[in-house]
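Below you'll find the structure, written out as structure tokens, and then a few comments.
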Amino acid sequence: MPLRLPRPDRSGLLAVVLGALGLTWRIWLTVVGTPPTNSDEATMGLAALHIAQGRDLPVFFYGQHYMGTIEAYLSAPLVALAGPSVTALRIPTLLLYALFLVLMYVLVKRLFTAGLAVLTVGLLALGSDRIVKNQLIAGGGYPETAPMVAGLLLLTYLLATRAQTRWYAFVGWGALLGLILWNHWLPAPYLLGAALVLGTSRVLTRRAVGLAGAGLLVGVLPLVVGNVQAGWGSNSIGVFLQLNGAGTDAGWWDRVVGGVWLGLPLGMGLCEPSACAGWSLWWGPVLLVLLTVALVLSIRHLRAADRSEADDRSEVGDRSEAVDRVRPAMWLVLAAAGLLSVLSYVRSPAAADSPVESARYLSVLAISLPVALWPLYRIARNGDRRALPAAVPIAALAVTMLAATVSLTGAVPEYRADRADKAAILAALRERDLTYVHGGYWTCNWITYLSAERITCGVVDDRLDRGLNRYPGYWRPSAQAVLAPVGSPLDAELARRLPGTAPEAVGGYHLYPAPPD
């Protein structure tokens, strides 16, 4: 008898169309070199290159001991097949984005309604500059985190409601949790919430705990191995906490302004490239209020479910009873984890020191978008006199996201020029038979990666001293030449040390002969 797949309903078809538009937008951006690559992405590319060549099996992002290398392992087959390129790094991130949309649709449909699931996919299909940077650049920790967390939450719901009871589902839940812990600690509030929901759902028998624990050990094994190799002084937890607390002595007000007033609109895709101004900024406090309202309502629903369960004389194991309690518990996880993520970011000096770039730390907040919109959506769907006032903020949010998405097209020529400049620099180095150069951090690793290590680059600081070389093997004190962005402090230092030398200008850089030691 032939296998018959279930026919997608109308909401499913609409979600597919919206998701396909979002994926097409990101594919087009990738083709035109947007967003541009950088040395962080190239560092992950070098890890993928070394994996493909069988030279190394890195556990952590080169040069640090707290972020995993899942992206490198996903990209390694493509790098082995087609050689080092930005495309080889971004095909996996494009697929991860598509997976994220699928998981979010299923999760939101289970927790709320099909209509809100379609709306969520539509909003996630939009992509401002900050959003597509988080989703496409394989710089470690962001493109894979959102789909992994969404998958863990969905699996948590299925297990807690007994919709899935197979042994491998518990193993998978533990393994996925372990992989996320290895990859990045950024989504810790969501992981804690998922663990609490599953732990209080009355489905964890000794066997289930053992299966989940076995999966956890498998998933977290790279983290354990990496920490043992690094030694106690460089364990990933300590390093992450130390980095999270490093920075200036910025005051709380500066952190709140950078983290909420500016960070939330940027992190949720409501701003133009590298800027957020005007009425878009008001979405920061609005989103905070929406999450707080969702938190309060989810607690109310959870308490009501608990009272109903206490009064119910039916069998405790009834699945509908489990669904009635697990749903508001999952709402609470989404709302609380979103607020805790914002609070954690506000506590970090990065919120005040570099709010535009550091807004990437709020990338996982997209998972909490449905619960923030749920109270408004439910009122709007009722169709009474309150429907229009409730629908207006949702429509305004969508329009703002759309405007931010369209604004990215204005940056495409600049980003394409950046790609052309990089190609020109590589060509100039090859023409001059240069195989080892010095440069700044944001210059070196993409040269080494895109040239497949035929040209290697050692990082120097603005005083030409040894800089942050994430892969120590690339450092040598003497170089054939030095690359400096035109007008940079390094450019000024080289001009001072080499008076009368006319550097070659190529791709926005000055190429200097190496100064004498």
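The basis for the numbers below is simple: all heavy atoms, side chains too, and nothing from hydrogens, waters or symmetry mates.
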*Please walk me through it: do Y441 and D40 pass side chain to side chain donor-acceptor pair (under 3.5 Å)?*
CA-CA 9 Å; Y441 175 78; D40 279 349; 2.4 Å; yes
_Chi angles and distances behind the side-chain contact (heavy atoms from CB on, under 4.5 Å) call for L365, L369_ = CA-CA 7 Å; L365 205 61; L369 181 62; over 6 Å; no
*Given V197 and Y157, is the side-chain contact (heavy atoms from CB on, under 4.5 Å) satisfied, shown in steps?*
CA-CA 8 Å; V197 169; Y157 175 81; over 6 Å; no
*Stepwise side-chain contact (heavy atoms from CB on, under 4.5 Å) test for V108 and V118*: CA-CA 9 Å; V108 176; V118 172; over 6 Å; no
*For side-chain contact (heavy atoms from CB on, under 4.5 Å), just list the numbers for W182 and V225, CA-CA rounded to whole Å, side-chain angles, deciding distance to a tenth of an Å, and then say yes or no.*
CA-CA 10 Å; W182 165 42; V225 171; over 6 Å; no
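Crowding of W282 atom CH2: a count of heavy atoms from other residues, nucleotides or ligands under 6.0 Å not exceeding 12. Surrounding CZ of R300 are at most 12 heavy atoms belonging to other residues, nucleotides or ligands under 6.0 Å away. Residue W28 qualifies as enclosed at atom CH2: its count of foreign heavy atoms under 6.0 Å is above 12. The environment of CH2 in W279 is crowded: more than 12 heavy-atom neighbours from other residues, nucleotides or ligands sit within 6.0 Å.
With rounding to the nearest 0.5 angstrom, the CG atom of L179 is 9.5 Å from the CG atom of L216. With rounding to the nearest 0.5 Å, the separation of OG1 in T120 from CG in L101 is 10.5 Å. Atom CG of residue D324 and atom CG of residue L302 lie 11.5 Å apart, to the nearest 0.5 angstrom. Atom CD of residue E144 and atom CG of residue N183 lie 4.0 Å apart, to the nearest 0.5 angstrom. Taken to the nearest 0.5 Å, the CZ atom of R360 stands 6.5 Å off from the CZ atom of R130. Between L103 atom CG and L153 atom CG the span is 10.0 Å, to the nearest 0.5 Å.
Listed by chain and number, the residues in a salt bridge (Lys or Arg N to Asp or Glu O under 4.0 Å) with R386 are D384 (sequence neighbours excluded). Remark: W252 pairs with no residue by the ring-ring contact (aromatic ring centres under 6.0 Å, His included) rule, at least two apart or across chains. For Y377, there are no ring-ring contact (aromatic ring centres under 6.0 Å, His included) partners at least two apart in sequence or on another chain. H50 meets the ring-ring contact (aromatic ring centres under 6.0 Å, His included) test with Y62, Y471; sequence neighbours excluded.
For the pair Y190/L152, no side-chain contact is recorded, criterion being any heavy-atom separation below 4.5 Å from C-beta on. Taking the side chain as every heavy atom from C-beta outward, L111 and W374 never approach each other to under 4.5 Å. Contact annotation: the side chain of S274 approaches that of D129 to within less than 4.5 Å [non-hydrogen atoms, C-beta and beyond]. By the 4.5 Å heavy-atom criterion applied to side chains, C271 and S128 are not counted as neighbours. Side-chain contact between V86 and R419 is absent, with no heavy-atom pair separated by less than 4.5 Å. Looking at V132 and R26, their side chains come closer than 4.5 Å, going by heavy atoms from C-beta outward. Put simply, the side chain of V203 does not reach to within 4.5 Å of the side chain of Q164, judged on heavy atoms. The shortest distance between side-chain heavy atoms of I70 and M148 falls below 4.5 Å.
Pairs engaging residues 87-102 under the salt bridge (Lys or Arg N to Asp or Glu O under 4.0 Å) rule: E41-R90 [sequence neighbours left out]. The side-chain hydrogen bond (donor to acceptor under 3.5 Å, both in side chains) contacts involving residues 257-270 comprise nothing, where partners must be two or more places apart or lie in separate chains.
Of all the heavy atoms in S341 and L362, the pair that sits closest is O-CD2, 4.0 Å. The shortest heavy-atom contact between L408 and L29 is CD2-CD1, 3.7 Å. Nearest heavy-atom pair across S368 and L334 is OG-O, 2.6 Å. Nearest heavy-atom pair, P35 versus Y415, reported as atom, atom and distance to 0.1 Å: CA-CD1, 4.2 Å. Listed here is the closest heavy atom pair of A76 and I51: CB-CG2, 3.7 Å. The two residues P143 and T93 come nearest to each other via the heavy atoms CB-CG2, 3.8 Å.
N134 and Y97 share no donor-acceptor pair across their side chains, judged by distance under 3.5 Å alone. Donor-acceptor pairing under 3.5 Å is lacking for the side chains of Y345 and S358. A donor-acceptor contact under 3.5 angstrom links the side chains of T400 and W283, judged on distance only. With hydrogens and angles left out, the side-chain atoms of N382 and R378 include no donor and acceptor closer than 3.5 Å. Side-chain contact check for Y361 and S344: no donor-acceptor pair (N or O, by modelled atom type) lies under 3.5 Å.
At distances below 3.5 Å, at least one donor-acceptor pair connects side-chain atoms of Y73 with backbone N or O atoms of P58. The backbone N or O of R347 lies less than 3.5 Å from a partner atom in the side chain of R255, making a donor-acceptor pair. The backbone N or O of R110 sits less than 3.5 Å from a side-chain atom of R327, completing a donor-acceptor pair.
Aromatic ring pairs are classed by plane angle as parallel below 30°, tilted from 30° to 60° and perpendicular above 60°; the pair H184 and Y66 is perpendicular. Aromatic ring orientation, F60 versus H65: perpendicular (interplanar angle above 60°, classes split at 30° and 60°).
The one candidate from V342, V286, L270, V346 that meets the side chain to side chain contact (heavy atoms under 4.5 Å, CB included) condition with L264 is V342.
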